[in-house]
Amino acid sequence: MFADFQALTVTDRGDRLVVELTRPEVRNAIDDQMVSELHAVCEFLEREPKILIITGCEHNGRGIFASGADIAQLRERRREDALRGINNTIFHRISQLPMPVIAAVDGYALGGGLELALAADFRISTPAAKFGQPEANLGIIAAAGGLWRIKALVGEAIAKEILLAGRILSGEEAAAAHLVTELAEPAELLDAAHAYADRIAALDPLAVRISKQVMAMPAAAH
């Protein structure tokens with residue numbers, strides 16, 4: 001069902017699905033096509049729960065995760081599109097998948113790219129990866145998860161540096177701030193993501209699914 005995808009390359013490895021973002025010519029900018037294909041991936045994983053690994057690709061010898069939303073499409077969007085929350089909807093759906101999601105990040109994870117990584121349960125990155133929310137440069141806000149997920153992960157002080165002062169974190173800085181779970185060199189990045197998936201797969205899958213579901217509930221519901 002994934003053979004005709006244009007923005008993603010999907011590999012089913014039994015207990016996990018590996019999704020590679022494959023729009024290197026535009027640094028994996030997140031456009032409507034990519035969002036549509038990510039929805040199809042989510043629909044599959046909601047029916048057949050598996051661990052999900054999301055990663056980028058290489059271009060000119062450098063890693064790319066996602067440079068943000070497609071600026072050309074952003075300029076064409078109107079009030080109704082903003083109210084529909086196109087990117088927020090898919091990132092929320094990814095965050096709510098039954099089994100854990102791992103983002104393997106090399107290169108830039110900026111704007112919507114960082115919000116996509118934030119939708120994952122775990123982020124494994126290279127030391128030189130770059131994490132940031134530069135939306136304010138465009139006169140917009142990080143409304144697809146950045147505004148609340150960053151603060152929950154790194155605390156208010158660093159969140160303000162990222163969101164209000166445009167700070168870009170390296171992979172090493174992101175790991176120190178607990179935005180990143182683990183560091184790996186570029187050649188070992190995907191292997192490290194699979195090793196983390198192996199740790200998850202060694203646990204009881206039903207217990208993992210229920211634990212994730214309960215953790216996502218409001219505190220008053222526990």
Side-chain angles (χ1 to χ4, degrees), residues 1-3 5 7-23 28 30 34-58 63-66 87-107 109 112-126 129 131 144-145 149-150 152-153 171 174-175 178-217:
M1 65 176 292
F2 307 122
F5 277 13
L8 307 176
T9 300
V10 180
T11 305
D12 191 336
R13 295 188 50 167
D15 63 353
R16 70 201 64 171
L17 215 62
V18 180
V19 170
E20 181 182 356
L21 313 180
T22 47
R23 299 187 74 219
N28 286 337
I30 300 168
M34 185 180 287
V35 169
S36 176
E37 292 176 9
L38 285 170
H39 275 296
V41 168
C42 288
E43 183 180 354
F44 172 80
L45 291 174
E46 287 159 357
R47 293 195 315 267
E48 298 185 36
K50 299 173 185 276
I51 300 162
L52 172 62
I53 297 174
I54 302 174
T55 190
C57 60
E58 281 194 11
I64 307 168
F65 185 70
N87 286 0
N88 183 49
T89 300
I90 183 56
F91 297 158
H92 178 71
R93 191 174 185 182
I94 290 169
S95 75
Q96 297 298 306
L97 286 171
M99 289 293 285
V101 179
I102 301 166
V105 180
D106 189 19
L114 176 50
E115 289 176 312
L116 173 58
L118 290 170
D121 299 287
F122 308 101
R123 283 153 296 282
I124 298 174
S125 93
T126 61
F131 298 88
R149 289 196 177 107
I150 290 178
L153 283 169
H178 304 293
L179 183 66
V180 162
T181 311
E182 186 176 302
L183 293 173
E185 292 301 322
E188 284 84 45
L189 179 64
L190 198 54
D191 287 341
H194 279 296
Y196 215 90
D198 289 342
R199 290 170 58 182
I200 297 167
L203 306 177
D204 180 82
L206 183 58
V208 170
R209 287 173 58 185
I210 294 173
S211 295
K212 179 175 177 176
Q213 184 179 25
V214 173
M215 288 179 69
M217 291 180 179

Say whether, by atom type as modelled, one donor and one acceptor occur between the side chain of Glu20 and the main chain of Thr9 under 3.5 angstrom.
no
Would the distance check show the side chain of Lys212 and the main-chain N or O of Leu97 forming a donor-acceptor pair, the cut-off being under 3.5 Å?
yes
Within the distance-only criterion (no hydrogens, no angle test), does the side chain of Thr22 pair as donor or acceptor with the backbone N or O of Ala7 below 3.5 angstrom?
yes
Verdict with reasoning, Ile102 to Ile54, per side chain to side chain contact (heavy atoms under 4.5 Å, CB included):
CA-CA 6 Å; Ile102 301 166; Ile54 302 174; over 6 Å; no
Tell me whether Thr55 contacts the main-chain N or O of Ala104 through its side chain, where contact means a donor paired with an acceptor under 3.5 Å.
yes
With side chain to side chain contact (heavy atoms under 4.5 Å, CB included) as the criterion, how do His39 and Arg93 come out once you've worked through the C-alpha distance, each side chain's angles and the decisive distance to 0.1 Å?
CA-CA 8 Å; His39 275 296; Arg93 191 174 185 182; 3.0 Å; yes
Enumerate the residue pairs fulfilling side chain to side chain donor-acceptor pair (under 3.5 Å) with a member in residues 196-211, sequence neighbours excluded, ordered by first and then second residue.
Arg16-Asp198
Less than 4.0 Å between a side-chain N and a carboxylate O, is that true for Glu182 and Arg123?
no
Do the side chain of Glu37 and the main chain of Phe5 share a donor and acceptor less than 3.5 angstrom apart?
no
May I have the step-by-step check of side chain to side chain contact (heavy atoms under 4.5 Å, CB included) for Cys57 and Asn28, ending in yes or no?
CA-CA 8 Å; Cys57 60; Asn28 286 337; 3.6 Å; yes
Ignoring hydrogens and angles, tell me if any N or O in the side chain of Lys50 forms a donor-acceptor pair with the backbone of Leu17 under 3.5 Å.
no
Can you tell if the side chain of Val10 reaches within under 4.5 Å of the side chain of Val18, non-hydrogen atoms only?
no
Test side chain to side chain contact (heavy atoms under 4.5 Å, CB included) on Leu118 and Leu179 and set out the steps.
CA-CA 8 Å; Leu118 290 170; Leu179 183 66; 3.5 Å; yes
